[in-house]
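Have a look at the structure below before the remarks.
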Amino acid sequence: MSVKNATEEKVLTPRGIETREKLLRAAEEVFGQKGYFETSIVNISQEAKVAQGTFYNYFPSKKDIYDELIRSYSRDLRIAIKEGMAGSSTFEEAQRNGFFAFFSWVKNHPNLYSIVQQAVVVDQELFRWYYGKLANGFLKSLSQGVEAGEFKDLDQETVAYCLMSIGQFLGMRWVYWEKKEVPEEAFDAAMTLIFQGLKK
């Protein structure tokens with residue numbers, strides 16, 4: 001799918017970048033609380049404390065700012081995971097560190113869960129794009145682990161989506177529902193389940 005940024009052709013000043021970011025954070029809060037269909041541009045503008053006309057200087061519509069929020073989630077989350085995995089000495093350690101980075105990032109963006117899930121009905125193509133991007137990251141790491149002889153040579157797409165499911169629902173159980181960090185014992189249990197199945 002096309003993931004063109006709604007303002008990518010417009011050069012923004014530092015103040016413009018700040019205002020755009022303020023609108024995105026406001027949209028994150030309002031979409032998370034009210035849902036996509038109940039949210040209005042007025043709601044987002046009020047949350048951001050800007051005039052409604054200012055909104056249109058940055059985003060043509062509510063759908064555009066929603067799309068950009070999903071894209072920014074995807075980009076920022078994948079960067080956080082990649083940085084968390086950097087410097088790992090084994091592929092197992094890299095995966096563990098990647099999961100830890102995911103849970104740490106989601107703790108600061110708990111609305112991720114409700115906003116991304118809404119894309120099932122708002123824009124299914126965008127929903128599939130978001131998870132496809134995450135899956136590609138897992139596939140790359142799994143492939144390298146298999147080639148190095150560290151992981152079993154299982155169907156890698158299946159494994160990638162299973163790993164995403166573990167991260168998704170552990171994060172939902174603790175971070176989104178309980179507003180807590182994933183407990184150490186829960187994290188360790190999940191890692192044991194994963195790596196006793198994956199290790200060659």
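FYI, the numbering just counts along the sequence from 1.
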Can a donor-acceptor pair be found, under 3.5 Å and without considering hydrogens, that links the side chain of T192 to the backbone of D188? yes

Heavy-atom closest pair, residues N97 and S88: ND2-OG, 3.0 Å

For the side chain of K107 and the backbone of V175, is there at least one donor-acceptor N/O pair under 3.5 Å apart? no

Is there a donor-acceptor pair under 3.5 Å between the side chain of E93 and the backbone N or O of S89? yes

Is it true that R25 and E29 have a side-chain N and a carboxylate O under 4.0 angstrom from each other? no

If you measure from CE on M85 to CD on Q95, what distance do you get to the nearest 0.5 Å? 4.5 Å

Answer yes or no: is there a side-chain heavy-atom contact under 4.5 Å between V42 and S45? no

L142 and L154, any side-chain heavy atoms less than 4.5 Å apart: no

Has K133 got a side-chain atom pairing as donor or acceptor with R75's backbone, closer than 3.5 angstrom? no

Considering all heavy atoms, the nearest I41-K62 contact: CD1-N, 3.9 Å

F169, CZ atom: more than 12 neighbouring heavy atoms under 6.0 Å: no

Tell me if the NZ atom of K180 is crowded by more than 12 foreign heavy atoms within 6.0 Å. no

Any donor and acceptor pair, going by atom type alone, linking the side chain of Y66 with main-chain N or O of I115 inside 3.5 Å? yes

Would you say that Q144 contacts F151 through its side chain, given a criterion of any heavy-atom pair below 4.5 Å between the two side chains? no

Check E68, R78, H109 against Y73 for a side chain to side chain contact (heavy atoms under 4.5 Å, CB included) and give me the one that passes. H109

For a quick test of reading the model, state the closest non-hydrogen atom pair linking Q118 to F31 and the distance between them. NE2-O, 3.3 Å

Apply salt bridge (charged side-chain N to carboxylate O under 4.0 Å, His left out) to the pair K22 and E18, showing each step before the final yes or no. CA-CA 6 Å; K22 187 189 296 185; E18 182 181 346; 5.3 Å; no

Sub-3.5 Å donor-acceptor pair from the side chain of S141 to the main-chain atoms of F138, do we have one? no

CG of N108 to CG of D76: how many Å apart, nearest 0.5 Å? 12.0 Å

Answer whether the closest heavy-atom distance between the side chains of V122 and F127 falls below 4.5 Å. no

Rounded distance (nearest 0.5 Å) linking atom CD of E47 with atom CD of Q33: 6.5 Å

Pair R128 + E125, salt bridge at N-O below 4.0 Å: no

Between the side chain of S165 and the main-chain N/O of Y161, is any donor-acceptor distance below 3.5 Å? yes

Less than 4.5 Å apart, any side-chain heavy atom of K63 and any of D123? yes

Could you state the interatomic distance from CG (L163) to CG (L139), rounded to the nearest 0.5 Å? 9.5 Å

Heavy-atom pair of closest approach, residues N43 and E38: OD1-O, 3.7 Å

What class does the angle between the rings of F187 and F100 fall in, given that below 30° is parallel, 30 to 60° is tilted and above 60° is perpendicular? perpendicular

F59 vs F55 aromatic rings, parallel, tilted or perpendicular, using cut-offs 30° and 60°? tilted

4.5 Å side-chain heavy-atom contact, F99 and V182: no

Are the side chains of V106 and W174 in touch, meaning some heavy atoms are under 4.5 Å apart? no

Can you tell me how far apart CD1 (I17) and OH (Y58) are? Round to the nearest 0.5 Å. 9.5 Å

Minimum-distance pair of heavy atoms, taken over all atoms of N111 and E28: ND2-O, 3.4 Å

Parallel, tilted or perpendicular: which one describes the rings of Y113 and Y176, with boundaries at 30° and 60°? tilted

Look only at the side chain of R96 and the backbone of E92, and say whether a donor-acceptor pair between them is shorter than 3.5 Å. no

Please say yes or no: joined through hydrophobic side-chain contacts below 4.5 Å, possibly via intermediate residues, are V159 and L193 part of one cluster? no

Hydrophobic cluster identity match, Y56 and I44, side-chain contacts under 4.5 Å: yes

Would you say that more than 12 heavy atoms from the other residues, nucleotides or ligands in this model lie under 6.0 Å from the NZ of K49, or not? no

Answer yes or no: does atom CD of E181 have more than 12 heavy-atom neighbours from other residues, nucleotides or ligands under 6.0 Å? no

